[in-house]
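Nothing here was measured: the structure is a model prediction, and the numbers come from that model. The sequence lines fix the lettering, A, B, ..., with proteins before strands; numbering per chain opens at 1.
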There are 2 protein chains.
Amino acid sequence: MNQNVSLLLAEDDENLGQLLHTFLKTKGFEVELARNGKIAFEKFTSSSFDFCIFDVMMPVMDGFTLAKEIREIDRKVPILFLTAKAMKEDKLEGFALGADDYLAKPFSMEELLARITAILRRVEVKSTEDTAHLKVGKINYEPELRLLHLEDGTKKLTTKENQLLQLLVKNENEILDRQATLRAIWGDDNYFNGRSMDVYIAKLRKLLKEDPAIEIMNVHGKGFKFIVK
Amino acid sequence: MNQNVSLLLAEDDENLGQLLHTFLKTKGFEVELARNGKIAFEKFTSSSFDFCIFDVMMPVMDGFTLAKEIREIDRKVPILFLTAKAMKEDKLEGFALGADDYLAKPFSMEELLARITAILRRVEVKSTEDTAHLKVGKINYEPELRLLHLEDGTKKLTTKENQLLQLLVKNENEILDRQATLRAIWGDDNYFNGRSMDVYIAKLRKLLKEDPAIEIMNVHGKGFKFIVK
DNA sequence: CGTTTGGCTTAACTTTTTTTAACAGCAAAA
DNA sequence: TTTTGCTGTTAAAAAAAGTTAAGCCAAACG
């Protein structure tokens, strides 16, 4: 879900830093950890990030100074501060610097995640969502428009057809798990939905059969595999 | 500074409500005060707001339920919750609903303002006037005036036509949930209102068909998606 | 005070999309 | 090999949506 969202984390405490790094990575973020504000600033300027989490108190360059520097070159990137104290003055100073949120230690991982998610929802994360499109032989598939351009004209895919094909194409040459797919598209992996999915697999096979390079292969008991030879 | 930023405040406590109302108005916001969630929802659907502040505990309809309803028709409008308790579970539930922030009573006016400002900084403040207006090809839509300028003259939209088109446009390229839309415009999502809505969808399609770049697509069982290519 | 008009709902019929049923074939376990 | 569960496929049924027209009601008009 947070795939391709890159995150800059500045934290001098080794333990907390590692903990956060690991946690956020398991949540799908690309995380870069910096041990102080100066290092963080260098990383920020030499690379590009979608989100910042800064400890307020750090050696060499503190979080506020870091934020101030960054705001001068990036007016929009979300910044969330971590602090040991829940001092109100600190809080206000942080917001004045263009902070997007503020979290006092100790905090729970879930709360941190909840806040990051809330902020990201607002921001247009432009991290290029690779649009699972397909272009093989005479077949051209446009998922956003739900169109499948075939040899003999264009077919408008129905919602389910499109959702399924999109998942298949996105997982080209990998097994698309049966249960997971059912939950993703049908919301529930019960027997009847399973049969419904099989019907849609048959439909897609029929549509795609004009290109012999494409195959939707079944992996017994596991799922389906979209193969392009 | 906050000129033209319209704010929906839902608070059942008369005193606090008045206090906030007055304070926020002096800070330049256009404030609408609702005494409970139901009234707030009606105000939200019949008008348009840039920011929401909801008390969690209110009679008739609580803040969370209100937020849930609103999120279905507006995925982006910032929501800040006020609550008596600083309970962590509450907090997480709020964020899960797409809250942007959370403030436990008692709080200071400055802190509230700081948080509103922080959130608004990262939201494209599209101050209500130009919300959801549409200008594609030869079609120009003015929601406030309920006018649709077409190639062959201007069409005055009826109330329902306008409400529906406005919601569609506001959720461009996203699915507009069927039930939520019915509740928002018709107040109830029963079968007949559903059929009525389908009739209006047909009307809008007919009106907009002169521009082939516009499409109102159905997502079976879910709702409609307004697409501009 | 009757008539007209405009906006909305209900009805009727059609088409599309999705689900369920039925049966056949195949794969893995017993 | 036999059994059992999973998949392939087609057809039928059901549910949702598209469309057009008729009906209803209240406000505006004559």
For Phe224(A), answer base if it contacts any base atom (sugar-phosphate contacts may also be present), sugar-phosphate if it contacts only those atoms, and nothing otherwise; contact means non-hydrogen atoms under 4.0 Å. sugar-phosphate

Salt bridge or not between Arg115(B) and Glu111(B)? Use side-chain N to carboxylate O under 4.0 Å. yes

Residues touching DNA chain D, which here means a heavy atom under 4.0 Å, drawn from residues 193-207 of chain A: Arg195(A), Asp198(A), Val199(A), Arg205(A), Lys206(A)

Could you tell me whether Glu161(A) and Arg146(A) make a salt bridge, using a distance below 4.0 angstrom between a side-chain N and a carboxylate O? no

Specify the separation, in whole Å, of atom CH2 of Trp186(A) and atom C1' of dT20(C). 14 Å

The side chain of His220(A) is closest to which nucleotide in this list: dA27(C), dA17(D), dT17(C)? dA27(C)

Nearest-Å distance, CD1 (Ile216(B)) to P (dG18(D))? 10 Å

Measure from CG on Asp189(B) to C1' on dA16(D) and round the result to the nearest Å. 15 Å

Name the one of Asp189(A), Asp188(A), Asp177(A) that satisfies salt bridge (Lys or Arg N to Asp or Glu O under 4.0 Å) with Arg183(A)? Asp189(A)

Looking at Asp62(B) and Met57(B), would you say the former's side chain and the latter's main chain have a donor-acceptor pair under 3.5 Å? no

Between P of dA11(C) and OH of Tyr191(B), the distance in whole Å: 9 Å

What is the separation between atom CG on Asn190(A) and atom P on dT18(C), rounded to the nearest whole Å? 17 Å

Return the value, rounded to whole Å, for the distance between atom CD1 of Ile175(B) and atom C1' of dA17(D). 15 Å

Glu215(A) with Lys229(A): basic N within carboxylate O range, under 4.0 Å: yes

Can you tell me the distance, in whole Å, between the CD atom of Glu215(A) and the P atom of dT7(D)? 16 Å

Starting at CD of Gln163(B) and ending at P of dT9(C), how long is that distance when rounded to a whole Å? 10 Å

Is Lys68(B) salt-bridged to Glu72(B), cutoff N-O under 4.0 Å? no

Mapping Thr159(B) and Val219(B) onto DNA chain C by nearest heavy atom, which one lands closer to the 5' end? Thr159(B)

Test side-chain hydrogen bond (donor to acceptor under 3.5 Å, both in side chains) applied to Lys225(A) - qualifying residues, sequence neighbours left out: none

